[in-house]
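First the structure, in the form of structure tokens, and then the observations on it.
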Amino acid sequence: MARILEMAHLMTSIEPFANLSHAEQLTVLEELAHTALDQYEIAGSPRLRLINLSENATYLVDCGDWRYALRVHRDGYHSTPAIASEISWLVALREAGIVITPRPVRTRDGSYIAQVGHPALQRLRSVVLFDWETGSEPAIDDNLVRPFEKLGAVTARMHAHSRLWQRPPGFIRHVWNFETALGDVAPHWGRWRDGMGMTPSKIALFQRTVATIGQRLAQYGNGSDKFGLVHGDLRLANLLIDGPTVKVIDFDDCGFSWFMYDVATPVSFYEDDPKVPELIDAWLRGYRSEATLSAADEAEIPTFVMLRRLLLVAWIGSHSETELAQSMGVPYTEGTVPLCEAYLARFDES
């Protein structure tokens with residue numbers, strides 16, 4: 001499991017632009033990040049270091065006495081209003097005392113979002129700067145039961161806030177429902193059937209699994225008690241432990257989905273590990289310490305874990321140029337086969 005978690009951090013992906021090599025694209029992104037800093041009141045001579053490259057490029061900005069996290073958004077993934085909506089929720093969560101989230105920094109003109117151009121890019125990029133949050137994610141080799149319990153409690157508080165919060169006008173985020181996750185028309189992360197290492201037998205098995213997921217989710221429903229604004233990517237990599245304090249970062253995938261989808265995301269990339277049932281039990285203990293869950297909610301956890309797994313099969317297939325996809329792609333698809341078989345043995349009524 002440790003190797004899988006380590007690789008999940010890399011998720012290196014940059015969209016091709018201007019027919020540049022990978023190294024040249026990295027140079028362009030860093031130059032753009034440096035240009036973006038001119039729009040902020042930052043003292044000293046900041047140094048940039050790339051710390052994560054996924055849908056976006058994230059840099060540590062070291063100013064000596066103060067540090068920031070600067071995020072250069074991928075072109076076309078989120079609109080400017082969608083980014084503004086993300087920021088409005090994480091600010092609201094922090095101000096309400098629900099959970100500590102990254103504090104965005106305003107530009108010189110008072111905006112939370114800078115628009116920055118580069119000669120190699122056809123369009124301006126959205127850039128957001130956050131104060132650096134202290135703390136560390138739970139160590140891969142640590143006992144993960146306690147962090148999962150804390151994460152469950154944090155998730156319950158966030159869900160409670162989501163249900164009551166009055167969203168500002170113009171609020172818009174992705175909707176993560178069955179069609180946008182596993183459908184064939186316009187899934188956000190690509191089609192699961194385009195995953196790496198697909199064969200006719202795998203496609204047939206995965207199709208049966210997808211159909212069962214769809215049937216169960218239709219029965220489960222998407223009323224306001226079950227479906228709303230969620231973080232959508234509560235992996236341990238997005239959880240910071242700072243003494244007794246728990247912080248949540250990276251709201252880039254927040255959107256509208258089933259609340260119980262948030263129980264599946266913490267086990268991303270290692271859903272087949274024998275420790276997963278124990279970790280989910282810990283998450284549930286933490287959640288129940290803050291809120292109640294119905295029997296129907298808990299019964300559908302395997303469905304959301306399976307949905308997430310197939311969603312990641314799709315992500316890997318649509319990001320085949322990345323280090324993560326190349327290192328995990330075919331084995332990850334192969335490892336999904338027994339998970340599908342176990343899921344169908346439990347739920348398939350065909």
Side-chain angles (χ1 to χ4, degrees), residues 155 159 162-163 172-235 253-272 276-277 280 283-284 293-319 329 332-350:
T155 305
H159 288 175
S162 170
R163 289 184 172 99
I172 181 171
R173 294 295 298 175
H174 280 157
V175 175
W176 295 92
N177 58 22
F178 177 76
E179 288 300 326
T180 58
L182 301 181
D184 286 327
V185 178
H188 293 315
W189 283 355
R191 303 192 315 156
W192 61 264
R193 63 181 68 249
D194 295 329
M196 298 177 69
M198 282 294 183
T199 63
S201 62
K202 290 187 182 70
I203 290 175
L205 175 65
F206 289 10
Q207 181 61 68
R208 283 181 57 207
T209 306
V210 168
T212 300
I213 290 171
Q215 292 166 6
R216 292 198 63 84
L217 290 179
Q219 294 169 2
Y220 179 65
N222 59 356
S224 59
D225 59 328
K226 297 181 174 70
F227 198 101
L229 183 61
V230 301
H231 182 280
D233 196 22
L234 283 171
R235 296 175 293 126
D253 285 322
C254 76
F256 297 95
S257 190
W258 290 275
F259 291 112
M260 293 307 293
Y261 177 65
D262 272 342
V263 72
T265 59
V267 297
S268 295
F269 298 108
Y270 60 100
E271 300 89 345
D272 55 350
V276 165
I280 289 178
W283 188 96
L284 289 170
L293 286 170
S294 70
D297 293 332
E298 296 192 28
E300 225 50 66
I301 289 174
T303 293
F304 290 109
V305 172
M306 198 70 249
L307 181 149
R308 175 70 170 186
R309 176 79 180 204
L310 290 171
L311 186 58
L312 290 173
V313 168
W315 189 94
I316 290 172
S318 64
H319 292 68
Y332 192 75
T333 301
E334 291 284 352
T336 305
V337 170
L339 290 176
C340 287
E341 292 171 341
Y343 178 77
L344 290 173
R346 180 195 294 250
F347 290 128
D348 192 12
E349 298 176 354
S350 61

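All values below were derived from every heavy atom in this structure, side-chain atoms included, with hydrogens, water molecules and symmetry-related copies excluded. The structure presented is a predicted model; accordingly, all values stated were derived computationally and were not measured.
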**OP:** Applying side-chain contact (heavy atoms from CB on, under 4.5 Å), run through V313 and M198 and close with a yes or a no.
**Re:** CA-CA 10 Å; V313 168; M198 282 294 183; 3.9 Å; yes
Of all heavy-atom pairs between [X] and [Y], which one has the smallest distance, and what is that distance?
| X | Y | answer |
| --- | --- | --- |
| G228 | S162 | C-OG, 4.2 Å |
| V263 | M260 | CG1-O, 2.9 Å |
| L234 | P266 | O-CG, 3.3 Å |
| L339 | G335 | CG-O, 3.8 Å |
| V175 | T180 | O-OG1, 2.5 Å |
| G232 | T265 | O-CG2, 3.4 Å |

Subject >> Trace of the side-chain contact (heavy atoms from CB on, under 4.5 Å) decision for L307 with L217 >> reply: CA-CA 10 Å; L307 181 149; L217 290 179; 3.7 Å; yes
Answer yes or no: is there a side-chain heavy-atom contact under 4.5 Å between [X] and [Y]?
| X | Y | answer |
| --- | --- | --- |
| Q215 | F178 | no |
| W176 | W189 | yes |
| D253 | H188 | no |
| R308 | V267 | no |
| I280 | V305 | yes |
| L312 | E271 | yes |
| R216 | Y343 | yes |
| T336 | T209 | no |

Original post:
Taking the six-membered ring of F259, is the NZ or CZ of R163 close enough (under 6.0 Å from the centre) and on axis enough (within 45°)?
Top reply: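 Checked: cation-pi criterion met.
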Euclidean distance, [Y] [atom2] relative to [X] [atom1], rounded to 0.5 Å:
| X | Y | atom1 | atom2 | value |
| --- | --- | --- | --- | --- |
| D184 | W192 | CG | CH2 | 7.5 Å |
| R208 | L344 | CZ | CG | 5.0 Å |
| F206 | M306 | CZ | CE | 7.0 Å |
| I301 | L293 | CD1 | CG | 7.0 Å |
| D194 | S318 | CG | OG | 8.5 Å |
| I316 | Y332 | CD1 | OH | 6.0 Å |

Original post:
Can you name the residues that form a side-chain hydrogen bond (donor to acceptor under 3.5 Å, both in side chains) with K226, not counting sequence neighbours?
Top reply: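 With sequence neighbours excluded, K226 shows a side-chain hydrogen bond (donor to acceptor under 3.5 Å, both in side chains) to no residue whatsoever.
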Subject >> With sequence neighbours excluded, residues passing ring pair (Phe, Tyr, Trp, His ring centres under 6.0 Å) with F304 >> reply: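 Checked F304 against ring pair (Phe, Tyr, Trp, His ring centres under 6.0 Å); matches are Y220, W258.
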